[in-house]
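Before any comments, here is the structure.
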Amino acid sequence: MKSRAVLELADVKAIAAAAEAEALKNHWAVTIAIVDEGGHLLWLQRLDGAAPVSAHIAPAKARTAALGRRESKVYEDVINQGRTSFLSAPTLEGLLEGGVPIIHEGEVIGAVGVSGVKSSEDAQIARAGIAALGL
């Protein structure tokens, strides 16, 4: 039987605080979503001034990164390179950069999705949050 790490509430709070700090440092109004390895929402935080739609996009990016076991940007790149049929992939809605998996000892244990600024900046915020875990 294999043992595996899981995100605990303290981990989620640390990720959220670090992601929020990165966003605030840059004056970026975003929504931050954190999911477990199955894409189930553990945290949703919409900062002041973030667009309402970002509260839908951030969790979708996080789910895509968790279920796909890779950054959501990979899927955006696939589509931009002409494989538009990938848009029909089931359960993957956040096919934009800004979803980053949380990897511990080679296993995906969750993901962070951010929405509200440029996609590369969304990813920057997500990575800053994950870095708080020291993985």
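If you read the sequence from its start, that first residue is 1, and numbering goes on from there.
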Q | ILVMFWY cluster, L96 and L87 together (side-chain gap under 4.5 Å) | A | no

(Q) With side-chain contact (heavy atoms from CB on, under 4.5 Å) as the test, pick out the partner of I102 among D36, V35, L133. (A) L133

(Q) Under a 3.5 Å distance rule, please check whether E76 uses its side chain to pair with a backbone N or O of L95 as donor and acceptor. (A) no

Q | Side-chain (K61) to main-chain (G94) donor-acceptor, under 3.5 angstrom | A | no

Q. Is it true that L7 and I103 fall in one hydrophobic cluster, defined by side-chain heavy atoms closer than 4.5 Å?
A. no

Q. In Å, rounded to the nearest 0.5 Å, how long is the span from CD1 of I15 to CD1 of I34?
A. 5.0 Å

**Q.** From CD (E105) to OG (S3), nearest 0.5 Å
**A.** 10.5 Å

Q.
Quick check on the hydrophobic clustering: are V108 and V6 connected, directly or via other members, by side-chain heavy-atom contacts under 4.5 Å?
A. no

Q. Which heavy atom of A128 sits nearest a heavy atom of A18, and at what distance?
A. O-CB, 3.6 Å

Q. Are E71 and R127 ion-paired here, with the side-chain N under 4.0 Å from a carboxylate O?
A. yes

Q | From CH2 (W43) to CD1 (I32), nearest 0.5 Å | A | 9.5 Å

Q.
Could you report the tightest heavy-atom contact between P101 and A111, atom names first, then the distance?
A. CA-CB, 3.9 Å

(Q) Quick check on the hydrophobic clustering: are I57 and V74 connected, directly or via other members, by side-chain heavy-atom contacts under 4.5 Å? (A) no

Q) Is any NZ, NE, NH1 or NH2 atom of the basic residue among E107 and R69 found under 4.0 Å from an Asp or Glu carboxylate oxygen of the other? A) no

Q: Apply the test side chain to side chain donor-acceptor pair (under 3.5 Å) to residues S54 and S115: give CA-CA distance (whole Å), side-chain angles for both, the deciding distance (0.1 Å), then the verdict.
A: CA-CA 5 Å; S54 68; S115 177; 5.0 Å; no

**Q.** In one Ile/Leu/Val/Met/Phe/Trp/Tyr side-chain cluster, 4.5 Å: V114, L44
**A.** no

Q.
Working to the nearest 0.5 angstrom, can you tell me the gap between E8 CD and L42 CG?
A. 11.5 Å

**Q.** Residue pair I109 / R4, side-chain heavy-atom distance below 4.5 Å
**A.** yes

Q: State whether K118 and D122 are salt-bridged, where the test is any N-O pair (Lys NZ or Arg NE/NH1/NH2 against Asp/Glu carboxylate O) under 4.0 Å.
A: no

Q) Is there a side-chain contact between R46 and P52, using heavy atoms and a 4.5 Å cut-off? A) yes

Q | Distance (rounded to the nearest 0.5 Å) between T31 OG1 and H56 NE2 | A | 9.5 Å

Q | N/O donor-acceptor pair under 3.5 Å between S72 side chain and G99 backbone | A | yes

Q: Would you please test S120 and E97 for side chain to side chain contact (heavy atoms under 4.5 Å, CB included) and show each step?
A: CA-CA 7 Å; S120 61; E97 182 177 9; 4.0 Å; yes

Q: Specify the closest pair of heavy atoms between A50 and A29, including all atoms of both residues, with the distance to one decimal.
A: N-CB, 3.6 Å

Q.
What's the separation between atom CG in D11 and atom NE2 in H104, rounded to the nearest 0.5 Å?
A. 9.5 Å

**Q.** Heavy-atom closest pair, residues L41 and A33
**A.** CD1-CB, 4.1 Å

Q: Just do the side chain to side chain contact (heavy atoms under 4.5 Å, CB included) check on V30 and E20 with the steps written out, would you?
A: CA-CA 9 Å; V30 298; E20 178 183 4; over 6 Å; no

Q: Determine, for E22 against K25, whether the closest basic-nitrogen to carboxylate-oxygen distance falls under 4.0 angstrom.
A: yes

